[in-house]
Participant: 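Got a structure for you, questions after.
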There are 2 protein chains.
Amino acid sequence: MYTNLIAAIEHFIRLDDTEKDLISSLAVSKTYAKGDYFLRTGQVCRDVGFIEKGLVRYYGTKDNGEEITLHFGKENDFTSNYQSFLDHSASQRSIQCLEATEILVISYDNLQRLYNEVKEGQKFGRLVCEYLYLQAISQIASMYADEPEQRYLNFVNEYPDLQQRIPQYYISSYVGVKPPSLSRIRKRLTL
Amino acid sequence: MYTNLIAAIEHFIRLDDTEKDLISSLAVSKTYAKGDYFLRTGQVCRDVGFIEKGLVRYYGTKDNGEEITLHFGKENDFTSNYQSFLDHSASQRSIQCLEATEILVISYDNLQRLYNEVKEGQKFGRLVCEYLYLQAISQIASMYADEPEQRYLNFVNEYPDLQQRIPQYYISSYVGVKPPSLSRIRKRLTL
DNA sequence: CCTGTTCGTTCACCCAGGTTAATAAGTTAA
DNA sequence: TTAACTTATTAACCTGGGTGAACGAACAGG
């Protein structure tokens with residue numbers, strides 16, 4: 001029984017015991033080493049992952065080869081490329097493990113079973129989408145309104161422990177600046 | 001019969017004639033003068049609008065009073081503050097008409113009727129949310145990856161006619177720069 | 001213990017956008 | 001027509017991030 005996964009879903013909808021058993025049967029636990037990929041650019045994203053332990057980064061690559069970290073996923077987060085997952089298109093994003101990571105993998109077909117066989121399954125799908133959308137909207141507002149310094153503070157606030165766990169240049173990419181600039185920002189903040 | 005609205009919904013789901021009649025009965029046409037507000041900061045967004053004619057801008061206001069245009073809505077676009085609409089929270093965004101505008105207004109309760117009384121109504125709700133989400137994701141990627149110059153070109157490409165219809169400073173705000181900077185960008189591009 | 005690698009910081013220089021203000025063109029109102 | 005207002009452009013100066021390179025600390029492997 002994957003209790004953390006169940007709890008995460010119950011954050012959106014109610015589940016009875018039968019449904020909890022069903023959901024546990026739909027997920028498969030997989031282990032990834034540091035540096036392994038949950039999803040690579042060009043692949044079709046055929047699963048949604050629930051991170052039991054560890055850390056991933058979700059990133060895209062610019063034409064010039066520069067990698068842009070758009071998101072981090074940590075314990076009890078879901079991770080996937082929703083676009084590729086929905087329409088079976090080739091993913092333009094990669095999801096890489098930054099630590100030894102354990103992920104509960106739910107295939108597209110099994111997620112459809114969850115949607116259809118759990119009473120509030122369809123509602124779960126809608127609520128997750130709404131949640132992702134509102135999160136995206138908030139990220140857009142931050143890109144428009146916040147200076148890099150504020151965006152760094154937002155990051156520290158949103159991911160308090162990640163600062164210790166990942167290289168600085170992933171943070172600078174997420175904040176939207178280059179490493180030397182993040183250094184300057186951090187220096188300004190400590191003075 | 002609001003045929004443009006029907007056509008827009010049929011972009012997502014199939015409708016039979018009874019459902020088309022129902023939907024037309026759920027919408028109310030309202031007329032707005034240039035400068036009028038469809039939604040003001042602080043209000044709860046209780047409607048979703050379908051723009052039959054005219055143009056709106058969707059914007060937020062920074063702490064320092066600066067307005068940031070996050071989106072434009074034109075003919076055959078839906079407009080709303082989804083967050084405020086969903087959870088009945090006070091809107092942090094405003095939606096203002098930039099021209100004389102006709103909007104088909106659908107109330108929250110009537111949208112629930114559409115969801116529940118149209119066969120694929122729930123699916124429509126989910127598909128619209130997915131559409132909005134993917135659109136938001138693409139805007140985020142552009143903020144990270146594109147220089148202002150490219151973002152201006154994206155704007156021109158996305159809204160070919162709007163350049164003539166709205167003041168430059170709304171465009172510069174949408175692009176994420178100040179008016180003098182957009183002037184410089186435009187000058188660079190014509191040379 | 002040494003060596004190579006990785007990673008964060010720092011320096012010097014450059015450049016694009018911000019800021020402020022002046023100007024000019026276009027628009028509206030009287 | 002004139003006056004007042006709005007809007008886009010331009011200029012001068014400032015600032016913060018980008019770039020390329022050097023340095024040093026931490027760490028891993030031999």
Side-chain angles (χ1 to χ4, degrees), chain A residues 33-36 55 57 59-69 72 96-100 142-156 159 161-191, chain B residues 33-36 55 57 59-69 72 96-100 142-156 159 161-191:
Chain A
K34 180 174 178 175
D36 282 357
L55 189 60
R57 73 181 176 112
Y59 70 95
T61 306
K62 288 173 59 171
D63 296 339
N64 63 14
E66 183 190 348
E67 293 179 354
I68 297 185
T69 297
F72 297 103
Q96 185 186 30
C97 300
L98 298 180
E99 302 177 346
S142 168
M143 289 299 288
Y144 271 103
D146 295 337
E147 298 295 311
E149 181 169 316
Q150 185 57 49
R151 290 181 44 72
Y152 174 66
L153 292 171
N154 293 348
F155 165 83
V156 172
Y159 301 101
D161 53 326
L162 256 60
Q163 241 185 323
Q164 330 304 334
R165 289 164 67 181
I166 60 178
Q168 203 86 342
Y169 53 83
Y170 291 142
I171 302 176
S172 77
S173 168
Y174 178 79
V175 169
V177 297
K178 307 289 176 187
S181 185
L182 183 59
S183 263
R184 292 188 278 235
I185 288 169
R186 286 160 55 84
K187 191 175 186 182
R188 283 205 300 268
L189 288 171
T190 55
L191 294 183
Chain B
K34 180 175 176 174
D36 283 357
L55 188 61
R57 73 181 176 111
Y59 71 94
T61 306
K62 287 173 59 170
D63 295 340
N64 63 13
E66 183 190 349
E67 293 179 355
I68 298 186
T69 298
F72 296 104
Q96 185 186 29
C97 300
L98 299 180
E99 303 176 346
S142 168
M143 290 299 289
Y144 271 103
D146 296 336
E147 298 296 310
E149 181 169 316
Q150 184 58 48
R151 289 180 44 74
Y152 173 66
L153 292 171
N154 294 348
F155 165 82
V156 173
Y159 302 102
D161 53 326
L162 255 61
Q163 240 185 323
Q164 330 304 333
R165 290 164 67 181
I166 60 177
Q168 203 87 338
Y169 53 83
Y170 291 143
I171 302 177
S172 77
S173 168
Y174 177 79
V175 170
V177 298
K178 306 289 175 186
S181 186
L182 183 59
S183 264
R184 291 187 278 236
I185 289 169
R186 287 160 55 85
K187 191 174 186 183
R188 284 204 301 266
L189 288 171
T190 56
L191 293 183

Participant: Are the side chain of B:T69 and the backbone N or O of B:S173 linked by a donor-acceptor pair below 3.5 Å?
Facilitator: no
Participant: Suppose we screen for side chain to side chain contact (heavy atoms under 4.5 Å, CB included). Which residues come up paired with A:K62, at least two apart in sequence or across chains?
Facilitator: A:N64, A:E66, A:I68, B:A145
Participant: With a strict under 4.0 Å distance from non-hydrogen atoms of chain B, what nucleotide opens and what nucleotide closes the contacted stretch of DNA chain D, reading 5' to 3'?
Facilitator: D:dT7 to D:dA12
Participant: Checking B:E149 against B:R186 for the salt bridge (Lys or Arg N to Asp or Glu O under 4.0 Å) test, could you report, in this order, the C-alpha distance in whole Å, the side-chain angles of both residues, the deciding distance, and whether it holds?
Facilitator: CA-CA 8 Å; B:E149 181 169 316; B:R186 287 160 55 85; over 6 Å; no
Participant: With a 4.0 Å cutoff (strictly under), does any side-chain N or O of A:R186 reach OP1 or OP2 of C:dT9?
Facilitator: yes
Participant: Tell me, for nucleotides 11-19 of chain C in 5' to 3' order, what letter each nucleotide earns: B for a base near a protein heavy atom under 4.0 Å, S for only sugar-phosphate near one, - for neither?
Facilitator: -B----BBB
Participant: Kindly write out the residues that satisfy ring pair (Phe, Tyr, Trp, His ring centres under 6.0 Å) with A:Y152, not counting sequence neighbours, or none if the list is empty.
Facilitator: none
Participant: Return the minimal non-hydrogen interatomic distance between B:Y159 and B:F72, and the atom names on each side.
Facilitator: OH-O, 3.4 Å
Participant: B:S181: which residues meet the side chain to side chain contact (heavy atoms under 4.5 Å, CB included) condition with it, sequence neighbours left out?
Facilitator: B:V177, B:R184, B:I185
Participant: By side chain to side chain contact (heavy atoms under 4.5 Å, CB included), which residues pair with B:D146, not counting sequence neighbours?
Facilitator: B:S142, B:Q150, B:R151, B:N154
Participant: Shortest non-hydrogen contact from A:G35 to A:Q96?
Facilitator: O-NE2, 3.2 Å
